[in-house]
Amino acid sequence: MDRIVDAVVIGAGHHGLVAAALLADAGWDVAVLDGRTKAGGAVAHREIDGFVVDEFSSCYPLGMASPVLQSLDLAEHGLEWADHRPAVVHVSDPSDHTGSGVLTTPGETAALLDADHPGDGEAWMTLVSGWRRVKEPLLDALLQGWPPVGAGARLAATLGAAGLLDFARFALLPSDRMGREWFGGQRARDILAGNAMHADVSPLAPVSGLMGFIMTMLAQDVGFPVPRGGAGALADALVSRATAAGAVVELGAPVSGITIAAGRATGVRLADGTSVGARRAVLADVSADMLYRSLLPSHAVPPGLLTRLERFAWDPPTLKLNLLLGGTMPWRATWARDATVVHAGLSAGDLVRWHSDIAAGSVPERAFALVGQMTTADPTRSPSGTESLWAYTHLPTGDAAVSGTSLATLETMFDELAPGWRDLEQGRWVQSPRDLEEANPNLVDGALGAGTTQLFQQGPWRPITGLGGPVTHVDGLYVASAATHPGGGVHGGAGFNAARAALRGAAWWSRPASRAASRTQLWLQRRAPQF
């Protein structure tokens, strides 16, 4: 080895940087290696003609609420959140001149919903009250530790036996069913359905309701905050935090392979031919496909694992349109004009058909898009009087022809809901699925979630059937990316879990259990699945 450290982290995405900071806090000598010339992975921005444009992800309600990121005191390292309200507004009908919004306070939102359908305001306040009860143990269960035994116990203690059963049913509801059970009016149902679309789960599938509930309540609770100055400001703060703790972050240093000796990860090889040894652990902040098909030597990957990996389901491809506008978007709906995020194009009922069309391989006739109004949220994003705006939608495939057709439907949707927007356009940057993957190889065909969030690929089935979590079948090798629990999103949970597992794996008192977990993973993945 050309040099040796305690731990090598492959990838300077936000999860990898979180893991590096936590390991360095524990006194480990940590090297973070990334092939890109900027840190952050899918948390990055660039400047185009004076406009700050987020390259991939943008708004981070889960990041703002994450106990993992909160524990790192990133404000001390330059991170400033811009929280502009209303956080999110849903618009689907050109004749709707208001929009359905999560407004500044729960009471204001409740009043808007009650005006649409008496009783919906009270239902909203009931959900807000329930969220306040479960928020802390629920987020801990989702983001800090696998399996979530301790946080799950706290959630059970909070709710009681009957309450826990009710919540379990609630959490399994499809978003369409949840909207119908809780609300009688269209506005509340649209808000819930639009927020559920931040994941790729059908409105008719289990757990989509929980996705919608969490995102909706976060919108009311912490808003849809953005890092002031650009998404990359979050990455910069994480780099500062990790390096302050003693980690070394090396960019432009692509890793070509992981070295294995006697069933244990011993370090990495770089593309330039040099190598870095790891005394204690290797943590991979990369996609499951890249880890098991590219970085590990073929002899170190069990055949059953490869068979299961063939079943790995990516989330749908993404098309992202970035617009440089000479003014704010001229939405017909007044609430949308001042919102951070707009869910635009389709109602709750129409989203069922939209998702089904994509799953069936067809381009939907009408577009649905998540729209971020970045200058509205953070005035530093573009010159005064202008707007840095993005919109993204999902596609059935990543083919260029499909991207072109979907872009046309997206523009038509804007024509209907914000007539006159074309007159404001000063420039654009279109990112096709292939563009997104070329910019970040972990985003295969523009899959921003690093794999579907549907129930069959969560927990012990993420990324493949096994014990779940960051422990792999190779001793000392841990997954520190959204490929494992808790999945996609900017929250640091995967990095936290990987760092904690690595610390346990190196401690004398827990090392036997960690080795047993790796051997169990190996045993589970040697044989091909029977079903």
Side-chain angles (χ1 to χ4, degrees), residues 52 54 57-66 69-70 75 79-92 96-116 120-121 123-125 127-129 131-132 135 139 187-188 190-198 212-231 233-234 325 327-344 369-382 384-391 417-418 489-490:
V52 175
D54 291 338
S57 59
S58 203
C59 301
Y60 306 129
L62 198 53
M64 178 74 165
S66 168
L69 296 186
Q70 287 179 358
L79 177 64
E80 182 181 354
W81 291 108
D83 173 20
H84 176 82
R85 308 295 177 101
V88 61
V89 170
H90 193 111
V91 294
S92 58
D96 179 8
H97 294 281
T98 303
S100 307
V102 179
L103 306 184
T104 304
T105 68
E108 290 174 319
T109 306
L112 177 69
L113 301 183
D114 213 60
D116 180 50
D120 281 2
W124 180 264
M125 296 304 293
L127 283 179
V128 170
S129 177
W131 166 252
R132 288 170 176 166
K135 174 186 175 181
L139 292 181
R187 292 198 184 282
D190 283 352
I191 290 171
L192 184 67
N195 278 301
M197 291 299 101
H198 282 265
F213 169 71
I214 290 174
M215 294 302 293
T216 299
M217 290 298 105
L218 285 173
Q220 185 68 90
D221 188 5
V222 301
F224 269 34
V226 302
R228 194 171 299 280
L234 173 56
L325 300 179
T328 56
M329 195 70 165
W331 299 102
R332 293 182 188 270
T334 54
W335 281 116
R337 297 171 194 165
D338 196 37
T340 294
V341 171
V342 181
H343 297 156
L370 307 180
V371 181
Q373 303 187 128
M374 293 297 96
T375 309
T376 295
D378 171 14
T380 70
R381 298 296 186 98
S382 68
S384 178
T386 66
E387 184 75 69
S388 177
L389 180 146
W390 54 257
L417 298 178
V490 175

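Keep in mind that the numbers below use all heavy atoms, side chains included, and drop hydrogens, waters and symmetry copies.
Summarising the geometry of Leu103 relative to Pro86, their closest heavy-atom pair is CD2-CB, 4.1 Å, with the distance given to 0.1 Å. Contact between His343 and Leu370 at its shortest, heavy atoms only, is CD2-CD2, 3.2 Å. For the pair Leu69 and Gly63, the tightest heavy-atom approach, listed with the atom from each and the gap, is CD1-O, 3.6 Å. The minimum heavy-atom distance between Thr109 and Gly101, with the atom names listed, is CG2-O, 3.6 Å. In terms of heavy-atom proximity, Ser58 sits nearest to Pro227 at O-CD, 3.9 Å. Shown here for Ala219 and Ala87, the closest heavy-atom pair between the two residues is O-CB, 3.6 Å.
Proximity of Arg332 to Asp96: side-chain heavy atoms (C-beta onward) are nowhere separated by under 4.5 Å. Pro379 is not listed as a side-chain neighbour of Ser384, based on a closest heavy-atom distance of 4.5 Å or more. With a 4.5 Å cut-off on side-chain heavy atoms, Thr328 and Arg337 do not count as touching. In this structure, the side chains of Val226 and Trp81 stay at 4.5 Å or more apart for every pair of heavy atoms. Two residues are said to be in side-chain contact when any heavy atoms from C-beta on lie closer than 4.5 Å; Ser100 and Val89 fail this criterion.
Here CG of Leu218 is found 12.5 Å from SG of Cys59. Values are rounded to the nearest 0.5 Å. Separation of atoms CZ (Arg85) and CG (Asp338) is listed at 12.5 Å; rounding is to 0.5 Å. Considering CE of Met64 and CG of Leu234, their distance stands at 12.0 Å, rounded to 0.5 Å. One finds the CH2 atom of Trp335 at 9.0 Å from the OG1 atom of Thr98 (value rounded to the nearest 0.5 Å). In this structure, CD in Gln220 is found 8.0 Å from CZ in Arg132, a value given to the nearest 0.5 Å. Here Met215 contributes atom CE and Ile191 contributes atom CD1; the two are 13.5 Å apart, rounded to the nearest 0.5 Å.
With a 6.0 Å radius and a threshold of 12 heavy atoms from other residues, nucleotides or ligands, Trp390 has its CH2 atom above the threshold.
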Item to complete: Apply side-chain contact (heavy atoms from CB on, under 4.5 Å) to the pair Phe224 and Tyr60, showing each step before the final yes or no.
Response: CA-CA 6 Å; Phe224 269 34; Tyr60 306 129; over 6 Å; no
Practice prompt. Assess whether side-chain contact (heavy atoms from CB on, under 4.5 Å) is satisfied between Asp83 and Val222, documenting all intermediate values.
Written response: CA-CA 8 Å; Asp83 173 20; Val222 301; over 6 Å; no
Fill in: Residue pair Val52, Thr380: steps toward the side-chain contact (heavy atoms from CB on, under 4.5 Å) verdict
CA-CA 8 Å; Val52 175; Thr380 70; 6.0 Å; no
Item to complete: Determine, step by step, whether Trp331 and Val371 satisfy the side-chain contact (heavy atoms from CB on, under 4.5 Å) criterion, reporting the C-alpha distance in whole Å, the side-chain angles of both residues, the deciding distance to 0.1 Å, and the verdict.
Response: CA-CA 12 Å; Trp331 299 102; Val371 181; 4.1 Å; yes
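Each of Leu389, Thr376, Val342 was scored for a side-chain contact (heavy atoms from CB on, under 4.5 Å) with Met329, with one residue passing: Leu389.
Look at Asp54 and Arg381 and you find a salt bridge, because one of the NZ, NE, NH1 or NH2 atoms lies within 4.0 Å of a carboxylate O, short of that distance. Using a 4.0 Å cut-off between a side-chain N of Lys or Arg and a carboxylate O of Asp or Glu, Arg187 and Asp190 do not qualify as a salt bridge.
Panel note: side chain Asp378, backbone Gly229; a donor-acceptor pair is recorded below 3.5 Å. Counting only distance, with no hydrogens or angles, the side chain of Gln373 and the backbone of Thr340 share no donor-acceptor pair below 3.5 Å. For Ser388 (side chain) and Thr375 (main-chain N/O), no donor-acceptor pair under 3.5 Å exists by modelled atom type. A donor-acceptor pair under 3.5 Å is formed between the side chain of Thr216 and the backbone N or O of Gly212. Without hydrogens or angle criteria, His90 side chain to Asn195 main chain gives no donor-acceptor distance under 3.5 Å. Glu108 places a side-chain N or O within 3.5 Å of a backbone atom of Thr105 that can act as its donor or acceptor partner.
In summary, the side chains of Glu387 and Ser382 do not present any donor paired with an acceptor at a separation below 3.5 Å, with no hydrogens or angles considered.
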